[in-house]
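Here is the structure we will look at.
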Amino acid sequence: MAGSRPLSLWTLLNSVLLLLGCLVIPGVSVKHENFKKCSQSGFCKRNRAFADDASAKGSSWTSPYELDAASIHFKDGQLQGTILKSISPDQKVRLPLVVSFLDSGAARVVVDEEKRLKGEIEFRHDSRARKQRYDEAEKWVLVGGLELSKSATLSPETEVGMTKVLYGPDNAFQAIIHHAPFNVDFQRDGQTQVQLNRKGYLNLEHWRPKADAPAGDEQKSQEDESTWWEETFGGNTDSKPKGPESVGLDISFPGYSHVFGIPEHADSLSLRETRGGSGNHEEPYRMYNSDVFEYELNSPMTLYGAIPFMQAHRKDSTVGVFWLNAAETWVDIVKSIPSVNPLSLGTGSKTDTQSHWFSESGRIDLFVFLGPTPQDITKTYGELTGYTQLPQQFAIAYHQCRWNYVTDEDVMEVDRNFDKYQIPYDVIWLDIEYTDDRKYFTWDPLTFPNPIGMEQQLDDSERKLVVIIDPHIKNKDQYTISEEMKSKNLAVLNKDGEIYDGWCWPGSSHWVDCFNPEALKWWKGLFKYDKFKGTLPNVFIWNDMNEPSVFNGPETTMPKDNLHHGDWEHRDVHNVNGITFVNATYGALLERKKGEVRRPFILTRSYYAGAQRMSAMWTGDNQATWEHLAISLPMVLNNGISGFPFAGADVGGFFQNPSKELLTRWYQTGIWYPFFRAHAHIDTRRREPYLIAEPYRSIIAQAIRLRYNLLPAWYTAFHEASVNGTPIVRPQYYVHPSDEAGFAIDDQLYFGSTGLLTKPVVSEGTQSVDVYIADDEKYYDYYDYTVYQGAGKRHTVPAPIEKVPLLMQGGHIIPRKDRPRRSSGLMRWDPYTLVVVLDKNGEADGTLYVDDGETFEFERGAYIHRRFRFQDSTLSSEDLGTKGAKTAEYLKTMSDVRVERVVVIDPPREWQEKTSATVIEEGTKAAFTASVEYHTQSTGKAAYAVVKKPNVGIGKTWRIEF
């Protein structure tokens with residue numbers, strides 16, 4: 001299930017409502033009353049008001065923060081100093097500042113609070129919470145890229161009131177730090193790209209004791225303290241022992257009209273303004289991981305995950321910022337056109353984008369990236385937070401899921417029917433009903449009496465099973481897991497230091513505290529085969545509800561004054577809570593059995609920056625509507641550019657019953673999600689593909705087989721993402737960063753580096769789509785090679801129900817496997833087809849990455865990485881790999897895997913006379929010939945040539961000469 005939840009089970013009234021609800025079809029809409037708007041969130045309201053006050057005062061406003069010039073110290077790529085916050089003429093708060101200039105070209109700015117660092121404060125309510133501002137998010141998020149730059153240096157061009165630091169590649173970047181008021185301009189090649197506190201919205205709510213305002217203190221009396229010391233929402237009161245402690249900062253992008261990122265929101269790729277007006281939002285974008293039941297579209301409302309990473313893009317330039325803060329965070333976006341001197345003819349005006357970030361607690365900790373390309377941004381960000389995992393091969397194939405497959409025989413029957421109807425799939429999933437009374441690590445003895453037999457049947461076709469394990473543990477006597485967690489003190493505590501009790505699927509539940517190292521050790525043991533009885537090595541894990549979802553908690557989650565390991569309040573760590581749970585499960589799957597190390601597969605609903613190293617994600621509780629199908633594309637694309645490309649949406653929609661047309665079009669879209677899974681609510685009709693009437697059944701099966709045909713290209717794209725952070729599916733601006741007309745396009749995508757461009761059908765009754773082509777390269781229809789060419793314009797591509805709109809950009813070589821099988825594992829030894837799509841110069845290029853698809857042996861050289869190039873009428877294969885201890889052994893196992901066919905699109909006309917090509921392979925005694933068939937086509941469609949049985953080794957160096 002995705003987090004649909006029963007109506008309140010703990011009161012008689014709601015039980016009655018639940019019974020009444022069974023008599024009608026429930027309306028589908030988000031319950032807004034369960035979630036805060038900015039006006040209902042004290043710190044959000046205060047920071048917005050602070051910004052409004054600063055803006056209203058205009059030029060008379062001066063930010064009350066200045067950098068003490070005497071405190072500045074620069075050494076080894078790092079600047080340290082103290083910012084002074086003036087709260088009265090004779091009272092200043094000291095805020096330590098550290099600006100680190102990194103080898104990668106990124107810069108890190110950290111602002112903390114001296115009194116809290118030193119512990120020189122007292123909390124109310126005798127709270128045992130930590131006195132420091134939370135500074136441990138990086139433990140869960142950052143894995144590298146923090147090396148200080150040895151070449152960064154103070155600029156010799158000094159000016160009074162500012163400090164300049166040169167850094168980055170060839171010292172082409174510059175940070176200009178203005179002392180009073182404190183603000184920073186980040187420049188690349190002498191042009192300002194990012195500005196901190198240019199608007200003066202910097203606001204760090206310093207610690208102060210709760211006290212009545214002294215007589216005559218006008219500043220104090222003017223402040224609204226109604227949400228400083230406690231805050232109530234939805235019947236829950238937050239005790240707020242630390243008082244007000246939010247941090248806020250404006251970050252401006254001069255000359256940039258598009259900003260992307262900060263998932264997860266059901267919204268367009270290019271983020272909208274948030275201060276109202278036509279087409280804009282009234283609310284800021286919110287990041288507070290939440291179980292949002294039946295979420296709405298085109299909204300800045302928070303969802304299940306949060307990655308506070310924003311990119312700004314303009315023609316030939318991309319920059320970005322990463323706001324490393326795990327607390328509830330809101331972001332306002334405002335765009336403006338600076339006034340232009342009317343005498344400056346022809347200069348035009350550029351849009352500036354100002355963003356305003358504010359978090360409830362923690363410190364200011366942000367990274368600034370100056371690009372200049374989208375690839376530079378994702379690579380540098382990935383060095384910090386880690387690149388996406390390279391998953392097992394099965395994980396990128398098709399997953400079949402619903403809430404719920406009700407018995408082990410049901411699972412086996414579904415498995416048999418996929419084979420009967422010749423529809424490939426790799427994974428079948430079990431939701432919570434497989435458990436005994438909602439107790440994780442158990443099986444229902446009546447409905448799943450033989451899980452081993454079920455898993456063995458799946459394994460016969462190299463298929464896998466995924467079962468759900470959530471972080472809430474049923475509070476029940478004689479349930480060993482629960483009793484162990486309590487006796488070992490491994491659960492999250494309430495504000496009074498007692499085990500927190502809340503409601504989730506099992507009823508009364510406790511939550512494992514994965515911030516606790518001892519909890520991680522304990523959790524690892526639970527997944528061992530002798531502990532989690534009934535599981536084989538082909539069983540993997542789904543971590544749901546890990547925001548965490550608490551049915552009777554404030555905003556359906558945990559109270560903010562709960563306590564985690566280290567006495568950190570939940571408010572400090574909320575957005576990283578989900579990935580601590582994934583991290584625990586990832587470690588557990590690595591240690592299921594001594595000597596057996598396979599790459600874990602985990603699906604998570606809640607996530608933060610860094611989760612990409614360990615898991616896939618999906619977009620949660622979507623609905624079976626055309627609008628939800630359409631919004632899935634920008635949502636998946638946005639996750640990809642934000643460092644988490646292993647993303648997908650529930651194919652078919654989780655809620656409601658899709659029409660046959662909608663379901664078919666959703667499969668044709670879903671094959672382009674990096675994570676490709678069908679899923680449905682327990683109350684929906686069964687909709688396994690083989691149950692759908694013809695012709696839709698065959699059309700859906702054809703779409704799934706297209707995914708399987710292209711699995712070599714998918715695996716290669718995943719490998720590329722795992723080594724440099726490049727998105728697996730890419731938006732228009734990412735591929736064509738110079739073409740301004742394409743920057744906001746988010747309904748078509750490029751697949752990896754293959755040159756495949758698709759625009760899925762996402763509206764009812766559609767027979768064609770208009771595909772926007774930015775460049776003047778030739779594009780060819782994937783099926784019949786119809787040619788489309790013309791830069792900066794839309795081209796109408798036929799899209800009848802049986803067709804996936806798909807074009808091939810000239811200049812690429814696409815690896816495929818064309819033999820249909822039941823699962824990807826059964827395709828392991830199948831031969832390859834190479835599709836060579838020539839560009840206007842008669843050339844093409846592509847890569848292929850192959851390994852065993854299961855283990856980590858690729859880290860020891862057990863892989864094949866080839867570059868294919870077509871140039872001067874010769875197709876060649878060259879090695880891109882680096883030899884390791886396991887290279888020779890792996891190449892031997894792959895020695896019989898060959899290329900069985902080469903298809904060349906739009907070959908030279910003189911090839912009409914060719915009947916053969918010369919094949920030369922390393923290690924063979926002599927060249928040999930392979931037959932060539934040339935096919936002419938009608939006007940408007942490109943000719944093509946087929947090389948039959950060149951029979952060259954996929955891991956060998958070779959060339960085919962035409």
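Counting from 1, the numbers follow the sequence of the chain as shown.
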Check: Is Arg828 salt-bridged to Glu462, cutoff N-O under 4.0 Å?
Finding: yes
Check: If you measure from the Lys or Arg side-chain nitrogens to the Asp or Glu carboxylate oxygens, is any gap between Arg599 and Asp851 under 4.0 Å?
Finding: yes
Check: Thinking salt bridges, do Asp845 and Arg867 make one under a 4.0 Å N-O criterion?
Finding: yes
Check: Is Lys778 salt-bridged to Asp839, cutoff N-O under 4.0 Å?
Finding: no
Margin query: For Val919, is there any backbone N or O sitting under 3.5 Å from a side-chain donor or acceptor partner on Glu961?
Written below: no
Which side-chain N or O atoms in residues 795-808 pair as donor and acceptor under 3.5 Å with protein atoms at least two apart or in another chain?
residue	atom	partner	partner atom	Å
His795	NE2	Gly790	O	3.0
Thr796	OG1	Asp770	OD1	2.8
Lys803	NZ	Asp781	OD2	2.6

Check: Thr318 and Ile377: which non-hydrogen atoms are nearest, and at how many Å?
Finding: O-CD1, 3.6 Å
Notebook entry, point to check: More than 12 non-hydrogen atoms from neighbouring residues, nucleotides or ligands closer than 6.0 Å to CG on Asp460, yes or no?
Noted result: yes
Notebook entry, point to check: If we only count heavy atoms from C-beta on, is the Ile704 to Pro689 side-chain gap below 4.5 Å?
Noted result: yes
Margin query: One thing to verify: whether Glu857 and Lys886 come together as a salt bridge, which I'm taking to mean a side-chain N less than 4.0 angstrom from a carboxylate O.
Written below: yes
Note to self: Test your reading of the model: is there a side-chain donor-acceptor pair from Arg730 to the backbone of Gly752, 3.5 Å cut-off?
What the structure shows: yes
List the atom pairs, donor and acceptor, that lie under 3.5 Å between side-chain atoms in residues 627-637 and the rest of the protein, sequence neighbours left out.
residue	atom	partner	partner atom	Å
His628	ND1	Gln623	N	3.4
Ser632	OG	Leu629	O	2.6
Ser632	OG	Tyr673	OH	2.6

Margin query: Which residue in the set Arg901, Arg821, Lys817, Arg898 passes salt bridge (Lys or Arg N to Asp or Glu O under 4.0 Å) when paired with Asp830?
Written below: Arg821
Next item on the list: Take atom NZ of Lys315 as the centre, draw a 6.0 Å sphere, and report whether it contains more than 12 heavy atoms from other residues, nucleotides or ligands.
Entry: yes
Checklist line | Main-chain N/O of Lys379 paired with Tyr387 side-chain donor or acceptor, under 3.5 Å | finding: yes
Note to self: Determine whether a donor-acceptor pair (N or O, by modelled atom type, separation under 3.5 Å) exists between the side chain of Arg463 and the backbone of Ile428.
What the structure shows: no
Margin query: Can you pull out every ring-ring contact (aromatic ring centres under 6.0 Å, His included) where at least one residue sits in residues 931-950? Sequence neighbours excluded, please.
Written below: Tyr785-Tyr944, His935-Tyr944
Item checked: SB check Glu889 Arg860 (cutoff 4.0 Å) -> no
Checklist line | Salt-bridge present (Arg869, Glu843; N to O < 4.0 Å) | finding: no
